[in-house]
Amino acid sequence: EPVPVRILWYSDGNEGEVISELLDRFEAANPDIDVILENVAFQVIQEQLPVQLASGTGPDIARVTNLKAQAEHWLDMRPYLADPAYWEANFGDRLDWMREDGSDAITGFMTQLTMTGGFVNLTLFEQAGVALPGPEATWDEWIEASRQVMESQGLPAAFAIDRSGHRITGPNLSYGANYIGPDGLPAPVDEGTMAFVSRLVEWTGQGLMLPDTWVSAAGTTYRAAADDFANGTIPFYYSGSWQVANLSAKIGDAFDWAAIGSPCGTVGCSGMPGGAGLVAIRYTQHPEAVARVMDYLASEPVVREFSERTLFLPAHAGIVAAGDLAFRSEDPNVPPALERFVQASRETLPAANALPAWQWANTYYGALVTRISQVMAGELSLDQARELIDRDIADQVAAAR
Amino acid sequence: MGSIALRGICKSFGGIEVIHGIDLEIANGELVVFVGPSGCGKSTLLRLIAGLERPSSGLIEIDGRDVTRLGAADRGLAMVFQSYALYPHMTVRQNLSFGLENLRMPKAEIAARVAEAARMLAIGDLLERRPAQLSGGQRQRVAIGRAIVRNPTAFLLDEPLSNLDAELRGTMRAELAALHDRLGATMIYVTHDQIEAMTLADRIVVLRRGRIEQVDTPLNLYNRPANLFVAGFIGSPAMNLFRTEARGGRAVLPGGIDLPVPADGPVVLGIRPQHLHPAGPDEAGIPAELRLVEALGAETVLHGITDSGEPLVAVIDGQPAVTRGQRLRLAFDPADMHLFDAGGRRIG
Amino acid sequence: MGSIALRGICKSFGGIEVIHGIDLEIANGELVVFVGPSGCGKSTLLRLIAGLERPSSGLIEIDGRDVTRLGAADRGLAMVFQSYALYPHMTVRQNLSFGLENLRMPKAEIAARVAEAARMLAIGDLLERRPAQLSGGQRQRVAIGRAIVRNPTAFLLDEPLSNLDAELRGTMRAELAALHDRLGATMIYVTHDQIEAMTLADRIVVLRRGRIEQVDTPLNLYNRPANLFVAGFIGSPAMNLFRTEARGGRAVLPGGIDLPVPADGPVVLGIRPQHLHPAGPDEAGIPAELRLVEALGAETVLHGITDSGEPLVAVIDGQPAVTRGQRLRLAFDPADMHLFDAGGRRIG
Amino acid sequence: MLPFVLAARVLEPVLALWQRRTGHAGMIAVFLIPNMTIFGIFVIVPLVLNLLYSFTGGAEILLEQRPWVGMQQYERLLDCQNHLQPMTCREDQFWRAVHNTARFVLSQVALMVTVSMITALILNRRIAGRGLWRAVFFFPVLLSPVVVGLIWRWILQREGLLNLIVVRLGGDPVIWLNDRFWAFAAAVGVSTWAHMGFYTLILLAGLQAIPRDLYEAAEMDATPPSRVFWRITLPLLGPNLAVVLVLALIRAVQIFDEAYVLTGGGPGTATMFMTQYIYEVGFASFLRNPGLAAAASILMGGLLVVLTLIQLALSRRAERMRQR
Amino acid sequence: MTGLKTFITRRRGHGGRWHWTDVASWIWLIGGTILMLGPALWLLSSSFKDPAQLAEFPPTLLPYVQRVAEVEGFDTPLPLYTVTLPGGETRILAQIRRLGANAQMVDPADPALRISVPISQRAPLREIGLATANYTDPFLHFDFFTYLRNSVFVTVTATLLTLLTNSMAAFALSKYRFRGRDAVMLVIVGTLMVPLSVILVPLYSVVSRVGLLDSLWGVILPTIATPTGVFLLRQYMLTIPDELIEAARMDHASEWQIYWRIVLPLSAPALAVLAIFSVVWRWNDFLWPLIVLTRRELYTLQVGLNSYAGELNVQWHYILAMTVVTMIPVVLVFILLQRFITTGIAGAGLK
Ligand SMILES: Nc1ncnc2c1ncn2[C@@H]1O[C@H](COP(=O)(O)OP(=O)(O)OP(=O)(O)O)[C@@H](O)[C@H]1O
Ligand SMILES: Nc1ncnc2c1ncn2[C@@H]1O[C@H](COP(=O)(O)OP(=O)(O)OP(=O)(O)O)[C@@H](O)[C@H]1O
Ligand SMILES: [Mg+2]
Ligand SMILES: [Mg+2]
């Protein structure tokens with residue numbers, strides 16, 4: 001009677017198929033374990049999993065993005081892992097993202113690292129005869145250059161940023177923002193944040209930023225502008241590494257594009273790291289089997305194949321150090337883009353690296369995106385928004401006490 | 001097993017009392033006809049007996065058992081609704097057999113009964129139709145059929161033949177009479193047709209505004225109506241009535257006819273149209289001018305007006321050669337006369 | 001303005017033809033009565049004229065204009081439905097005034113017309129009730145009221161009085177006749193009541209299985225029925241018919257009555273029940289044994305059976321002292337006799 | 001179906017016996033109990049729990065882990081200087097949602113009832129291919145709200161199908177979903193589009209139940225079409241119309257998925273409705289506060305009960321009018 | 001808008017002349033069809049587009065695929081383009097590769113000839129074609145038939161139970177007068193307004209306490225007591241004349257028989273409506289089964305096939321294709337059931 005291990009998995013691209021193949025191999029080699037891969041919508045992870053976890057049920061393993069806030073539910077696998085040292089060595093930097101503050105548990109690993117960053121439509125720039133800003137160019141320079149392209153090519157907008165608090169956090173930090181207060185609780189919105197946010201609002205008012213993403217939604221709704229970029233509607237798009245495969249598929253050879261990392265602010269040129277983690281769940285009946293599955297999935301060849309086939313950035317220190325990953329894509333734009341993101345992940349500010357392991361990050365993001373888009377829609381002034389963001393966050397913190 | 005007794009039955013609809021204390025005993029196997037003007041409460045009374053309405057006060061007994069609080073399904077009666085109330089989604093056959101199936105009767109028996117009813121009602125070739133595909137008279141026959149297939153202890157029939165032609169009506173009447181004889185079932189029958197009432201009834205109940213005016217056998221009712229209302233209501237066309245003063249045991253009618261009456265003071269003299277005939281040359285008669293002559297073929301109805309302006313109706317056999325505007329003297333046999341006092345009650 | 005002509009009208013319902021080629025001309029202002037057995041197609045014909053059904057073939061003309069394809073609303077007729085079709089959610093008053101409001105008639109005029117109709121139909125104190133709160137007869141009167149308030153050029157009345165008592169029926173009949181006179185409107189009237197048919201009709205149309213059997217004035221129909229069907233259908237109880245062989249200009253009836261007939265071969269002799277009377281001692285009569293005596297008060301219906309087993313019905317005035325089982329000889333005046341050939345057609 | 005028919009056969013004598021012993025009251029119980037039991041367990045109990053949630057605070061999900069805070073959540077929601085001015089409210093987003101929902105409900109219910117009534121009337125006529133037409137108008141009901149929102153987003157977006165047509169016709173393209181008015185209109189229109197088949201079907205069934213001879217009588221009365229509608233069809237449709245009104249109202253108040261996908265609540269908060277607010281507060285993990293969401297839903301429910309009561313009172317009057 | 005309200009049910013011109021309402025009806029029907037089916041057809045056509053085409057601005061009405069040609073000397077087929085040459089002449093060329101703003105082209109007929117073309121001068125040569133992979137991929141990766149079986153079981157059982165329990169309750173609430181009737185009705189209608197998402201958490205805990213988690217009955221039971229169904233049926237039953245019930249009582253029918261043999265058949269139109277709704281709802285249920293069912297072998301179609309919505313990307317091409325697939329059975333059910341919503345007969349047996 002094989003031991004069942006259920007994995008709750010969501011997919012942004014083809015990773016569901018890849019992992020399923022990888023697991024088939026595992027099952028073939030380990031007939032005593034029956035791995036059940038449950039492909040679900042991200043909504044399930046976001047909304048249903050917390051309910052299950054709260055009542056002490058759930059799958060054995062799950063692919064999760066909200067890692068820190070739910071860390072109490074993850075299983076410390078150390079007693080069951082074949083070689084905890086391997087884990088510490090290769091995934092050590094990010095173990096903190098997925099365990100409770102002060103703990104040194106090993107609860108899982110990042111299946112995918114993400115890094116926010118910009119994409120440019122090289123062809124549009126070329127056609128407009130506008131030179132690409134240099135590597136150290138600021139946000140202002142990038143937007144100015146994009147504006148020129150927009151005007152020259154008759155485009156509806158110069159750039160777009162995904163509608164997400166996470167996405168604007170890198171730029172905020174680059175302008176000196178700090179979210180984390182001295183007590184570890186959220187700090188009030190500071191001048192750094194306001195510096196970038198007021199720019200963003202201004203750009204939106206000038207019609208430089210595509211209104212369809214930020215203005216035309218309310219609350220914390222996530223909106224991406226990838227399709228607009230893929231269609232050549234905008235020359236510059238700020239999103240993240242996970243878009244590479246998607247853009248490659250949608251753009252095909254319609255134009256040339258490149259990843260450019262993050263433009264600079266006053267204190268740095270930081271993007272935001274992030275990603276999805278595969279974690280074991282405390283309520284499992286079969287921790288040993290779970291650990292065996294996790295050991296397999298975290299093993300170097302598996303991580304390597306997974307990354308190569310999904311075009312995801314690996315979180316495995318050994319693989320990153322080796323630098324010999326051969327991403328399987330026929331699109332000539334893809335390898336350089338991924339390279340650029342790998343490079344960008346070394347350019348992040350320390351504040352950016354602290355945020356994924358910070359419990360209140362999502363709260364902060366949510367408040368930012370909700371209120372800023374109201375400012376853009378003319379419903380609030382920037383000052384009102386600042387007050388309200390602080391209040392929203394304070395409410396949330398108060399509720400959690 | 002089908003005696004029915006009503007004791008002090010009253011019924012109001014939202015404050016309006018339409019039945020004012022009815023007392024009536026109907027013997028087992030009796031055929032009682034309810035007659036009365038439209039809206040007098042005949043259907044309501046039937047529905048009370050059926051158990052479809054609850055009386056506001058009073059008791060209903062069937063076979064000596066108080067059933068006032070019993071539901072319709074438990075009283076074991078069958079009813080023909082004035083509005084038919086056929087099941088629109090069932091064929092005629094299903095309409096007929098529904099009640100039998102409820103009694104868990106064997107299929108063969110049901111089929112036999114339905115066939116028999118269909119024959120009796122001449123609806124044999126309509127059995128697979130639905131009510132919407134029937135003519136008015138056909139629907140009415142199905143409604144009758146639904147009641148009779150059940151062979152219940154008592155039937156309640158609310159104007160069951162009103163939409164049938166004379167010939168069919170005659171046949172149906174005979175069939176119902178035969179059924180009544182055969183089953184010995186109690187029947188309560190509401191009708192507006194005087195012929196039906198006269199020929200079918202063991203007793204006729206004359207209702208008026210929710211009260212019983214008279215209960216008696218048909219001929220008694222015809223020959224000795226208890227009051228002016230019954231006198232006017234039974235018999236068609238209605239009885240001619242003359243208001244006059246009796247003095248010293250005699251009363252005088254228009255045309256100077258002078259009659260002995262066993263009363264004094266204001267009286268009403270009644271004479272049925274059928275009892276009037278053109279006066280012979282040496283006979284005394286009420287002179288009248290003809291306003292309308294209705295030839296019905298076998299008889300002719302003369303509508304006249306007396307010299308004192310009172311209407312006068314006479315029915316003459318055959319097709320006499322009379323015309324509108326003609327003056328006529330109409331005579332009658334004093335023995336046929338009915339006499340009522342000022343309060344409308346019969347005298348003698 | 002209300003002449004109606006039907007030309008070769010046929011109507012089928014899903015394959016079954018129920019009206020087989022009707023040709024009929026109705027003059028403006030005429031009152032035509034449709035009679036016929038239940039299910040013969042009277043209502044269907046009325047609905048065809050009204051425009052509620054389309055003929056399968058044939059033409060309908062009103063005032064000479066082909067209206068076959070015209071909707072009911074555009075034909076300007078008024079109809080009393082056999083099923084009443086009252087608006088259940090409207091009070092009686094609203095039911096009556098609905099059609100008038102459609103014509104954008106001034107309020108005062110509507111009120112006056114409704115009041116007049118209510119008086120005529122004796123429903124004055126029911127005006128604020130809804131149909132569900134009315135008795136069967138009251139509903140029927142409202143249905144009539146809805147048609148008459150409109151003063152249309154032609155009325156179609158489908159058994160409008162079937163649920164009314166004799167007295168009211170007489171009154172209503174007179175009111176309808178008066179209305180007809182006053183408005184000069186064409187009326188087509190379906191009834192099962194022979195008295196209504198005889199008294200109201202200018203002409204009677206006798207239908208049978210979707211065909212016209214005879215169209216004539218009431219008395220002609222009664223006195224000279226064109227065929228056996230009409231003879232049997234008109235007059236109640238139905239005519240007595242004797243099948244016999246005419247030889248050498250003479251035919252012999254049960255009891256040995258020997259009559260001269262203008263025909264040879266098989267014939268049918270008809271004699272109406274009202275024309276039979278108990279034979280005098282030296283009179284020839286048909287001997288019969290009484291099976292059933294129905295005393296209606298003014299007259300008595302005798303159901304007998306001849307020695308040869310044929311049924312015989314006689315209607316005798318008054319309440320003769322006869323009883324079931326008694327033997328009687330019934331005589332008649334040969335002039336009252338009707339003669340039909342083997343095919344059922346009238347002779348002479 | 002067969003097992004049910006068989007069960008009914010078997011049940012029949014049992015129930016007949018039961019009826020004999022307990023009368024109508026017993027049968028009423030038999031008819032009500034199955035539904036009421038399930039209803040009680042799966043609707044009423046969760047509702048009561050939801051009420052309890054609204055008196056608790058914190059971010060925990062399970063009721064037993066949540067601290068009791070009494071009326072705090074309600075106080076927070078209702079704390080306003082001027083209820084007509086969301087910005088003066090403690091929970092400005094909630095009040096924006098309330099205002100938007102009120103406007104949405106008014107316009108959408110009116111549009112929905114009108115459109116589905118017209119469609120039902122037309123489908124009720126003797127037209128060729130009735131089944132086909134019905135299917136056509138019912139079709140969008142089959143689509144999941146997400147797909148509905150998506151299709152229309154594609155149609156209405158910057159270079160969507162509609163602008164393609166507008167430009168073809170020589171007009172200037174409009175960015176429909178970035179315009180407060182058009183985005184709201186789109187939410188109203190699209191939700192009507194998606195659900196009208198539902199109400200049309202209810203009305204159609206109701207129309208079919210009106211006896212034909214009443215229409216014939218009306219035709220004899222030479223009634224103009226509009227009067228037939230207002231004076232005969234509408235009153236006789238009463239009970240079924242009440243269903244449509246109540247359900248349309250309730251569903252309008254509950255509008256969520258398709259509007260969420262279509263407009264995301266924007267531009268700004270122009271199309272953010274109460275359920276989106278409740279959803280964001282209750283589920284979107286960023287600003288989760290289940291107690292506040294529960295309180296908001298209870299307030300919303302209270303509002304609906306009042307509206308429904310008014311409607312039912314009206315329909316009760318109509319019902320009395322037609323009682324036989 | 002005001003003009004439209006004057007449409008009525010009157011069946012004018014049965015075969016006769018055209019009345020203006022007939023004309024208006026047809027305009028409405030045809031206009032409605034375009035509005036209703038247009039987006040649907042577009043959905044269908046979109047479901048055959050590959051992701052790139054789906055994202056394409058402006059969208060095309062029909063799905064296309066790039067035409068390719070085998071060219072000598074190249075292993076893989078090359079995409080074909082219509083190219084406008086400097087002289088204004090247009091030719092069909094195959095593209096070898098694109099370099100910046102120029103593309104290197106080859107004439108398939110003459111593989112030796114290489115031409116460099118500015119990309120603004122070339123347009124892809126496409127033909128109508130179907131991206132059937134949208135349909136086939138999900139079938140390959142999922143236990144389609146397991147999901148289908150679960151979905152059918154849930155839908156059929158839930159619908160039958162809904163019809164039965166709701167019609168029973170509706171019958172009691174419409175045809176009897178008893179104390180508390182209005183209160184029951186009020187509670188039922190009152191709970192109509194509870195959106196599932198609001199009581200999700202409490203409902204989950206109830207279901208888990210009743211022990212129905214991870215069972216198809218956990219999906220079925222909470223949905224069958226729909227207040228909507230009771231309300232809808234009850235209101236319809238109100239229009240059935242009480243006289244028919246009286247007639248049945250006279251026919252010695254028990255109350256159950258009245259319900260089963262008289263009221264149910266006469267409610268057929270409303271039952272059909274509810275059946276259609278129930279089938280649609282249960283078939284399309286997503287959120288609730290998602291919560292209750294955690295084992296894949298119990299997944300319903302919607303749950304099973306809805307895994308294409310990721311955090312950052314949604315694979316619309318699969319979602320659209322699966323929408324089309326899962327819609328087919330409900331369309332069939334609709335067509336089957338809608339015929340019960342036919343000419344009302346409730347009044348026909350009455351005078
Ligand atoms: N919709 C229909 N489908 C099939 N047959 C029908 C339909 N309507 C009427 N019929 C048949 O047509 C014939 C004529 O019906 P019609 O209603 O005209 O009769 P009628 O003369 O009015 O009878 P009655 O005196 O009983 O009212 C009947 O035999 C009836 O069964
Ligand atoms: N539901 C009701 N509400 C108010 N009044 C009613 C109701 N039902 C009947 N009535 C009234 O009660 C009286 C008796 O009605 P019922 O139906 O018994 O008369 P009926 O004798 O059968 O008359 P018909 O011969 O016309 O059928 C009538 O005046 C009627 O208007
Ligand atoms: Mg009556
Ligand atoms: Mg008829």
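Below, chain A is the first sequence line, B the second, and so on; all start at residue 1.
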**OP:** Measure Arg47(C) against the heavy atoms of chain D and call it side chain, backbone, both or neither at under 4.5 Å.
**Re:** side chain
Original post:
Is a side-chain N or O of Arg146(C) found less than 3.5 angstrom from the main chain of Asp221(D), in a donor-acceptor match?
Top reply: no
**OP:** Please report the closest heavy-atom contact between Pro88(C) and Leu236(D), naming both atoms and the distance.
**Re:** CG-CD2, 3.7 Å
Original post:
What distance separates Arg212(D) CZ from Ser83(C) OG, expressed to the nearest 0.5 Å?
Top reply: 12.0 Å
**OP:** Side chain from CB out, backbone as N, CA, C, O: work out which of these in Tyr87(C) comes under 4.5 Å of a heavy atom of chain D, or both, or neither.
**Re:** both
Original post:
CG of Asp74(C) to CD of Glu219(D): how many Å apart, nearest 0.5 Å?
Top reply: 8.5 Å
Original post:
Looking only at heavy atoms, what is the nearest atom pair of Ala78(C) and Met220(D), with distance?
Top reply: C-CE, 4.1 Å
Subject >> Whether His89(C) side chain and Arg231(D) backbone form a donor-acceptor pair below 3.5 Å >> reply: yes
**OP:** Taking all non-hydrogen atoms of both residues into account, name the closest pair between Asn102(C) and Ala222(D) and its distance.
**Re:** CB-O, 3.8 Å
Original post:
Heavy atoms, side chains only, cut-off 4.5 Å: are Met90(C) and Ile232(D) in contact?
Top reply: yes
**OP:** Name the region of Leu86(C), side chain, backbone, both or neither, that has any atom closer than 4.5 Å to a heavy atom of chain D.
**Re:** backbone
Original post:
Do other residues, nucleotides or ligands put more than 12 heavy atoms under 6.0 Å from Arg7(C) CZ?
Top reply: yes
